[in-house]
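We number each residue from 1, following the sequence as shown. Computed from heavy atoms alone, side chains included, the values below leave out hydrogens, waters and symmetry copies.
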Amino acid sequence: MALPEDTVEQVKYEIVPEGTPYQWGFSWNVVVAALFVGFVMMPGAIYLGLFMGQTYGGAAEWVTIILFIEIAKRSFVKLRTQEIIIMYWIAAGLAVMGPLQGLIWNQYLVQCPMSDGIHEQFPSWAVPARESSALLERTFVHKAWVVPLLLALLTYLIYNVNRLCLGYVLFRLTSDMERLPFPLAPVQAGGATALAETSSKREGWRWRVFSMGTIVGVLFGLVYVGVPILSSMFFTRRVEIIPIPWLDLTPYTGSILPATPVAMSMDLLAVVVGFVLPFWLVVGAFISAIAMTFIGTPLLYKYGILFNWNEGMSYVPTQISNSFDFWISFSIGTALVIFYVGVGATIRAVLRRRRERAARQAKGETLETALPEGRGDICLWKPLAIWAATQVVFVGLCKALVPDFPWWIPAIFGFVLSPMQSYINARMVGITGGSGSVSFPYLREASFYGAQLLTGKALGVPIWFAPMPIQDYGEAAGMFKQLELTRTKFGSVVYSLMLTFVVLWVCSFIYWSWIWKLDVIPSSTYPFVQKMWPLNATISCMWMRTTLPGGEGLANLQKILHVEYIGVGFAVGSAVFAVFSLLGVPTLVFYGMLTGIGQNAFMAFPQFLGAMLGRHYFAKRFGDLKWRAFAPILVAGYVCGVGLIGVTTVALKLISSAVKQTIF
């Protein structure tokens, strides 16, 4: 495959030339695009999520934009870069499974065999009772769903307001003050610029690179997505040329690699994503995955640590078994290391910033950097005040729904831990593009057990459904970075959020009601959820039983968490970080290695292959600077190509299913 050579000599990440005035991105074109995505593409996203465990994977955004560009061309209308990037984010928020996915999961959870003995304790504000006609008739149009729907509506609204407000503050801190690079932000921004070029009939190098990626995506999508969905319409058995979601080899490798989950992903997306992820991050993950697959896991089995595994088990049961025996505890230890390393890096960055400010002040230089004119910035206290008010609502909800749960615990979550975690991960987005995120390991679960010890009251099952304000909004900083790169006024995203919220809830209610009515969820109609949901339900019900009264909860907890393995994980992670620091190994290798511990080598290989091809072939073929500009747009084009196939085949499948359900 040849990439265009007639580009400028020095290709930069500068998507729109500096000095270009900021423009408004919200328009009637955007409104029409939102309605199109909601009413046409959302049912396909829901179906794909149930069918193969993934939605359009970012493709719906580009499909929508390309369609509207072609319509605009024939109407002699030019779509601006700013309109396209807002369309992208609206489509990203609408071409999803939607907020009612959680309610569909709850209806399965309360009815599944794994919840026998505790299903009576499921709160009515989360899901109707097992014997309710609302579940038996598979309908949301029932009074038993009124409170769960209103609660889901309120929490989703609060989450999005928080994401917008705190995301803006985090962007100001990480981009304007710390000047972090945000390496993956040019993917969407570059794609938007490429499509804006063709909209104005100026098909430059960006559009040609985007088109090449689209062709590859279409060809692969025909085999990977098109054949399985279309074959299920005409035959009793689904035909899969490439296994979805992976090729499970675990039952056949157990004698060679005991207790080792072995599966191979054949999705080309993992390879092309390797083009744009930080190279050393991918290398670290692959090294770690190799070590655990061929050395670590077999040794753990040999010494009797992975004692629940039996030869012949497939990939997912092996993962569950190993998690209970060792990995849940070990991952808590490594997560603690990632957390304190991330906090340490943040503290060092803040201190370095203070020293730089002091040095500049001593020289008589201006301390504050002027904000770009016309970007749409506001005083930071305004979004912080809105965020604080919504956090108070979250705390009040938790107290009202679970009165025995101390109010100050969700208050600490909302006002201390959530913003701290969001800031650390916003820095990770700014440095690595989003990989290696930092979180407080099992903090939610620990708070439940701590509350029981303090109050002497068992919290039971309802606490697991309460809306805890411990979200991570770090990724929203990347969205604002993309708006800046495309010179889009920040106020545009506020209007787009309101539009997305309305369209999402209307369409989500309509289509989830329809799809649920077509067939039971999960069932053989939806192979991915039929395979994965029972296993996920097993884990969820296991956690729920740990907060039951009568001492049963503590006994269950002792079977899951092993303090000695937590200590081992912490010690291993700390030792690796110390050695890497002494040797001067890039920090990204450390993050990658801890990320790769939970993977197997065959799943990590495609991304590693993409990283190696990008660094050692394409970068040398086209030059490092050009390749770094080509790669994000190439990936965006590939995702668009797969999405074109997904949109077409899913539409045909849904029409076919609806016709079969019709009674003549």
Side-chain angles (χ1 to χ4, degrees), residues 11-27 30 58 61-62 65 79-93 160 163-197 206 276 278 349 353 368-380 382-384 387 422-423 425-434 473-497 500 628-629 631-633 635-636:
V11 181
K12 299 181 180 180
Y13 279 125
E14 185 179 276
I15 304 300
V16 176
E18 191 172 353
T20 301
Y22 285 84
Q23 298 184 42
W24 196 255
F26 192 82
S27 66
V30 171
E61 298 90 306
W62 302 116
I65 293 169
L79 291 179
R80 296 175 288 108
T81 301
Q82 293 77 14
E83 287 179 302
I84 291 175
I85 197 64
I86 293 297
M87 281 186 185
Y88 176 89
W89 280 106
I90 285 182
N160 280 278
R163 178 175 176 268
L164 186 65
C165 294
L166 200 58
Y168 172 72
V169 175
L170 295 172
F171 165 77
R172 290 280 299 273
L173 293 174
T174 54
S175 181
D176 291 346
M177 297 183 183
E178 296 187 49
R179 302 292 181 184
L180 298 181
F182 288 87
L184 292 187
V187 172
Q188 291 82 6
T193 305
L195 293 172
E197 288 177 349
R206 289 187 180 89
V276 295
R353 178 70 178 170
E368 299 297 332
T369 302
L371 296 175
E373 184 179 354
R375 194 173 65 176
D377 293 284
I378 59 176
C379 297
L380 290 180
K382 294 180 180 179
L384 285 174
W387 164 78
S422 298
Y423 175 56
N425 285 322
R427 295 192 77 254
M428 295 300 298
V429 171
I431 296 171
T432 71
Y473 304 105
E475 53 81 26
M479 176 187 67
F480 282 98
K481 185 64 179 179
Q482 293 171 31
L483 296 177
E484 182 188 51
L485 289 173
T486 54
R487 295 296 189 272
T488 304
K489 287 181 177 289
F490 287 173
S492 304
V493 78
V494 178
Y495 287 90
S496 70
L497 175 65
T500 300
R628 285 190 289 118
I633 300 172
V635 173

Report task. Please report the C-alpha distance between Phe480 and Leu164 in whole Å, then the side-chain angles of each, then the deciding distance to 0.1 Å, and finally whether the side chain to side chain contact (heavy atoms under 4.5 Å, CB included) criterion is met. Result -> CA-CA 9 Å; Phe480 282 98; Leu164 186 65; 3.8 Å; yes
Next on the checklist: Could you check whether any side-chain heavy atom of Ser422 comes within less than 4.5 Å of a side-chain heavy atom of Leu170, counting everything from C-beta outward?
Outcome noted: yes
So CZ of Phe171 and CD of Glu484: to nearest 0.5 Å the spacing works out to 4.0 Å
Those residues at least two apart in sequence (or on a different chain) that pass side chain to side chain donor-acceptor pair (under 3.5 Å) with Thr500 are none
*Does the side chain of Gln23 come within less than 4.5 Å of Arg487's, by heavy atoms?*
no
So OG1 of Thr488 and CE of Met479: to nearest 0.5 Å the spacing works out to 11.5 Å
When every non-hydrogen atom of Pro383 is compared with those of Val169, the smallest separation belongs to CG-CG2, 3.9 Å
Hits for side chain to side chain donor-acceptor pair (under 3.5 Å) against Glu475, two or more places apart or cross-chain, chain-then-number order -> Arg163
Shortest non-hydrogen pair, Ala426 vs Ala477, comes out as CB-CB, 4.2 Å
Taken to the nearest 0.5 Å, the spacing of Lys489 NZ from Trp24 CH2 works out to 7.5 Å
Applying ring pair (Phe, Tyr, Trp, His ring centres under 6.0 Å) to Tyr473 and not counting sequence neighbours gives Tyr159
Phe26 meets the ring pair (Phe, Tyr, Trp, His ring centres under 6.0 Å) criterion, sequence neighbours left out, with Tyr495
OH (Tyr168) and CD1 (Ile378) are apart, to the nearest 0.5 Å, by 5.5 Å
Rounded to the nearest 0.5 angstrom, the CD1-CG distance for Ile90 and Leu497 is 9.5 Å
### Message
Quick check: do Val493 and Trp89 have side-chain heavy atoms less than 4.5 Å from each other?
### Response
no
